[in-house]
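First up is the structure itself, then whatever we jot down about it.
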Number of protein chains: 2
Amino acid sequence: MSAALRPGAPSGAPRPDAEAIVAPRVPVSRDAVVQTAMRLVEAHGIDALTMRRLSDELGVAVTAIYWHVGNRDALLDALVDRLAADMGTLRSSGASARERITSLAETLRVRLRDRPHLIGLAHERGRTPEMFLPVEQVMAAELASVGVQGKDAALALRAISTHVVGSVLLERAAGRSSSAVNAGDLWPTDGEDPELVEALAAPTDFDRLFAVGLNALVDALVPREPPPR
Amino acid sequence: MSAALRPGAPSGAPRPDAEAIVAPRVPVSRDAVVQTAMRLVEAHGIDALTMRRLSDELGVAVTAIYWHVGNRDALLDALVDRLAADMGTLRSSGASARERITSLAETLRVRLRDRPHLIGLAHERGRTPEMFLPVEQVMAAELASVGVQGKDAALALRAISTHVVGSVLLERAAGRSSSAVNAGDLWPTDGEDPELVEALAAPTDFDRLFAVGLNALVDALVPREPPPR
DNA sequence: ACCTGAACACCGTTCAAGT
DNA sequence: ACCTGAACACCGTTCAAGT
């Protein structure tokens, strides 16, 4: 089911500057390797990314991959690089600084949640900070506008972005749980608060959970008014 | 450097009910397998747990492991089971319900942080809820004492324990980062708030970060006074 | 009941060799 | 500059066979 389009298949214009004619060759670029790897990880998770499967997908021998990216570890680094670049920039929207900060955090969350396997990878490699960068830049300006700067601003930024990744990671983990274990299933059912047990047995509402935590953080860290001048 | 104490070595009393005499045998129990696996993971991380290394450590052939635990996946499940059991129970201490809840969360955090590789494993397998169980039981009682019950209590419990695991997971990830990438290193140094950039370049103070988030959550979710009766 | 050894399919990686 | 094939050490797992 693989190794299909190995020979020929000259998609793309033939390069005029080559002594070609015989076999267009269309060499696999480093870029193509990274891109295909990204697709594999997004679609089937990190375990699906084996050097051999990747080379199959590209229609080359395994060893060709090594020429382009060095080894698997370097390839994973390249994936995170690209993911970080893909995060792009953000604009804040909302009436007050607090609303704008809230909406920034929500946007980042959605963006991360769209590519769960890849942010899982970034997490494993301790490179989540790079994912925050774009939002933090904008958020810093918002904080400054209400008088939060310096070390306080750094703390607030970290608290909020930590909350975002934490939420995404845990939601992802919950999704991966085979039997979807919830705390409620483990509680004694003869307790004094059956409504609590029932609520814990139900699947977590991650949207609400995220919102509650975010609200609490914003309340604690972002003042309502700009400071008196 | 392994496969050392293979034959003989009859540690533990010889069983009197056996037809033995010739070779004490001391069979490897399922319990011993799980225990050794746990040690391996705690000491060297999940990747160090290969079936072959494990069997070496136990002084048996690889295939013997399979007889005791089925396969690697089942073994990992057994590890998480044991971890959950090891979490034990907790007592809350403090003057008010708020203080007791705060100290419970802090205790859970420390307990999880002591075994980073194992809770990483539990996380990967979507089984963190079981780690919370003991604390949540006690915390539910504290919440009830200030009038928080039912669905509200469930939300509060989840918000707090999510914050705890999230913190631990991210701290662990930061520790695993090779070059300890911090957001500050990526910011332009010609910004308008050099103190902010400097603070972001410094390593994260996870204790403080945790405390700030926890405080915000407790403020938002746990009332100061018990409700009027 | 408990363990071994051979065997299989699958990894990542190196290297000499080809064009 | 780019790719191949053979080879190596290491995985998890199955199975028939031993005691």
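Numbers restart at 1 for each chain; the letters A, B, ... are given by sequence-line order, proteins then strands. Everything quoted here is computed from the prediction, not taken from an experiment.
With rounding to whole Å, B:Arg30 atom CZ is found 14 Å from C:dC3 atom P. C:dC11 atom P lies 13 Å from atom CD1 of A:Ile65, rounded to whole Å. Rounded to an integer number of Å, the gap from A:Leu49 CG to C:dC10 P is 17 Å. For B:Leu58 and C:dT4, the CG to P distance is 10 Å, given to the nearest whole Å. Computed from coordinates, the A:Leu75 CG to C:dG12 P distance equals 10 Å when rounded to whole Å. Computed from coordinates, the B:Asp47 CG to D:dC10 C1' distance equals 13 Å when rounded to whole Å. D:dC10 atom P lies 18 Å from atom CZ of A:Arg72, rounded to whole Å. Atom pair B:Tyr66:OH and D:dT14:P shows a separation of 7 Å (rounding to whole Å applied).
Each of B:Met51 and A:Val62 was matched to the nucleotide of DNA chain D holding its nearest heavy atom; the match closer to the 5' end belongs to A:Val62. Both A:Thr50 and B:Trp67 lie near DNA chain C, and the one whose nearest nucleotide falls closer to the 5' end is B:Trp67.
Searching all strands for a Watson-Crick or G-U wobble partner of D:dA1 with both distances below 3.5 Å returns C:dT19. As the counterpart of C:dG12, D:dC8 is assigned, both hydrogen-bonding distances of the Watson-Crick or G-U wobble pattern falling under 3.5 Å.
Across all strands, A:Thr63 comes closer than 4.0 Å to base atoms (heavy-atom distances).
Remark: side-chain polar atoms of A:His68 are paired, donor with acceptor, to backbone N or O of A:Val28 under 3.5 angstrom.
Distances shown here put every side-chain N or O of B:His68 at or beyond 4.0 Å from the OP1 or OP2 atom of C:dA1.
Listed nucleotides: D:dA7, C:dT4, D:dT13. Nearest to the side chain of A:Arg52: D:dA7.
Using a cutoff of 4.0 Å between basic side-chain nitrogens and carboxylate oxygens, B:Arg158 and A:Asp205 are not scored as salt-bridged. A:Asp31 has a carboxylate O that lies under 4.0 Å from a charged side-chain N of A:Arg82, or vice versa, which qualifies the two as a salt bridge.
In this model, no donor atom of one side chain and acceptor atom of the other lie less than 3.5 Å apart for A:Ser167 and A:Arg109.
A 6.0 Å sphere centred on CD of A:Glu198 holds no more than 12 heavy atoms belonging to other residues, nucleotides or ligands.
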